[in-house]
Amino acid sequence: MSDLIVGIDLGTTNSEVAAFADGQVRVLGPGDRRILPSCVGFSASGELLVGEPARNQQALYPERTVRSIKRRMGSQEAVLLGGKSLTPPEISALILRELAEWARLSLGVRPEKAVITVPAYFSDAQRAATREAGALAGLEVVRILNEPTAASLAYGYGDGSRHTALIYDLGGGTFDVSVVTVEGDITEVLSSHGNNRLGGDDFDDLLAERLAQEFQKQHGVDVRNGHPAAKARLWWAAEEAKKKLSQEPYARIREEALVERNGKPLHLEIEISRTDYETLIRPLVESTLDSVSRALQDSGRKPGDMDAVLLVGGSTRTPLVFNLLTERMAIEPRQDVHPDLCVALGAGVLASRLAGRDVDRVLVDVSPYSFGVSFLGERGGVPYPHCYKPIIHRNTPLPLTRTERFYTSHPFQTRVDVQVYQGEDDDALKNILVGDFRVEGLTEMEEDNEVLCRMRLDLDGVLEVTSIEKATGKSKQITVANAMQAKSPEEIAAGKKRIHELFESRSGEHSASAGDFPDSYDDTDGETDGETDEGLTIDAVAKPEVPGEAAAKGLMERSRNLFDRMHEEDREEAIDIHERIGAAIESGDTAALAEAYRALTELLFFMEGQIGGRPN
Ligand code: AMP
């Protein structure tokens, strides 16, 4: 018999198995697969299906498929499945057997012992049913572990000192929030709240409903009635789109030949924005925040008493969840351990310790810094071209892709420079420039031109930055080869000196020689290579609203600070525009003011060589 003990997250929607392998706790599975849908069924020919194949037939053959069996654990109710009667522990045992098989395929040894996690609120009967499921699967359940405790172990909070954490767990079909104190191996659940009928599946339902309405509007056919296959396809498309919207501002959904009418195939084609999607799901996310408040109240703690907020469950990848929770808790939640693997990894930590391994926490590859771009925004009520918008946030697991929206700053703008920074400060100049590129050939538009900036960071520290003109799909990309490399103290000192000089020069106390600016910002710290140009390219600058007097004066002040570094003719042009602004203010001619303001913004944009962009 081996000393192998595995940790298992037996989830409502998905399940995973983790164990100590190659020096650390890992989630195991064949090939790239790590997540087993908690679904069991029988095919038409009576063959047992566990996981993905069962999930795939669920919408079409509900009588032969069962999902979310975890909800029925502890009850005596038998489940009729493809003509067979099975108890909830028996169905769970089939999932556990499959996970044990996944562990055997990865490790070459079949596990005989396991730590299995359950929600904090599970009753004794539900815990006993979970043990029974383990026994039926041939696994000795050495410990039943609360899920929030598993999450805190994965994050390394079982290190001996005392911590208080709020664990927010939003999965596919359930939501739980717990306030826990962790001290060494002992975790006390101070309070726990939730809704075991709320999760990402509800987000899918709302989106699928929206798609069905759109299809009905386009083609006059209601796929919700009498079209089970089309309905199932819509549901899949909705889940895919939902996941896409976690990293992109838009998702395009195209389902060919969703139904036929008079022998003619009807297609669904729709683009949905993250903003629209967030409006759909917002009430559900708000309701989870009510539970957070109640859990805090019941524990007698305030948001400020939390040492950490930990995100668990696949649906916490939804940006709205992260943003609203950050607002409510006033600290940034941690999501640096993969949210859908976190509980399994925590169970794996305990399992490894019980098997005699010295494991503190799990190791994950995360981005050590934030990466973003500068844009023309406002600081202190005046336009400022070096505002910073992070696109990739630090401590996010790798690899990852994120996209944000920006807009051009003035009508008919055809080019923009993208400056890519590494760092956390909302003033881009206090961060480290890792690359820059120019986007030219934007479509001339009178109104805002929307430009997407996509960043992809891989495990080797290769950062790809792509600008995409939304209207045409034309794009330009650069690759920064060593984006995650820490800067040497000398590089940081040199950068600080440049910034200091720039600020001195802006306040007029220091006059930099021509060429110090902006050229000194052109040298990229990361090695930039592999520029690709598909057609033309983009980027963004912020759009001035109809300017007020104060904004116009701020802009003039900014350009005055650059006078001594401008070429003669640019300076003359700037002075001419200043005079036009002065005259327009004097006469109250708002159209002339807007026009002169736009001209000065354009000139400055050119001078400063900066990308702007009003982030969404
Ligand atoms: P879990 O029960 O923790 O495995 O979470 C499963 C839920 O997470 C399902 O509803 C998934 O659709 C959802 N999910 C997985 N990945 C993402 C993502 N990138 N964005 C939003 N939801 C996701």
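In listed order, ligands and their atoms are each counted from 1. Since the model is a prediction, treat every value here as computed from it, not as a measurement. Because only heavy atoms are used, hydrogens play no part in the values below, and waters and symmetry mates are left out as well, while side chains stay in.
Summary of contacts: the protein heavy atom closest to atom 21 (C) of ligand 1 is Ser246 OG, 3.3 Å. Remark: minimum distance from atom 15 (C) of ligand 1 to any protein heavy atom is reached at Lys243 CE, 3.6 Å. For atom 23 (C) of ligand 1, the closest non-hydrogen atom of the protein is Gly314 O, 3.3 Å. Annotation: atom 4 (O) of ligand 1 to nearest protein heavy atom, Asn14 ND2, 2.8 Å.
Residue contacts with ligand 1: Gly172 is placed with a nitrogen or oxygen under 3.5 Å of a nitrogen or oxygen of the ligand (distance criterion only). Here's the thing with Thr318: none of its N/O atoms is less than 3.5 angstrom from an N/O atom of ligand 1. For a threshold of 3.5 Å applied to N or O pairs, the pair formed by Asp204 and ligand 1 contains no separation below that value. The N/O atoms of Ser315, backbone and side chain alike, include one that comes under 3.5 Å of an N/O atom in ligand 1. Looking at ligand 1, you won't find any N or O of Glu16 less than 3.5 Å from one of its N or O atoms. Close N/O approach between Gly313 and ligand 1 is not found [any backbone or side-chain N/O within under 3.5 Å].
Listed by number with element, the atoms of ligand 1 under 4.0 Å from a non-hydrogen atom of Gly200 are 10 (O). Those atoms of ligand 1 with a heavy atom of Thr13 less than 4.0 angstrom away are 2 (O). Near Asp201, with a cut-off below 4.0 Å to any heavy atom, the atoms of ligand 1 are 10 (O).
Of the options Arg317, Glu239, Lys242, the smallest heavy-atom separation from atom 10 (O) of ligand 1 is shown by Lys242.
Between His393 and Phe322, the ring planes are tilted. Angles from 30° to 60° get that label. Relative ring orientation between Tyr277 and Phe203 is described as perpendicular, the plane-to-plane angle rising above 60° on a 0-90° scale split at 30° and 60°.
Each of Glu450, Glu271, Lys470 was scored for a side-chain hydrogen bond (donor to acceptor under 3.5 Å, both in side chains) with Tyr250, with one residue passing: Glu450.
No side-chain donor-acceptor contact under 3.5 Å links Ser367 and Thr396.
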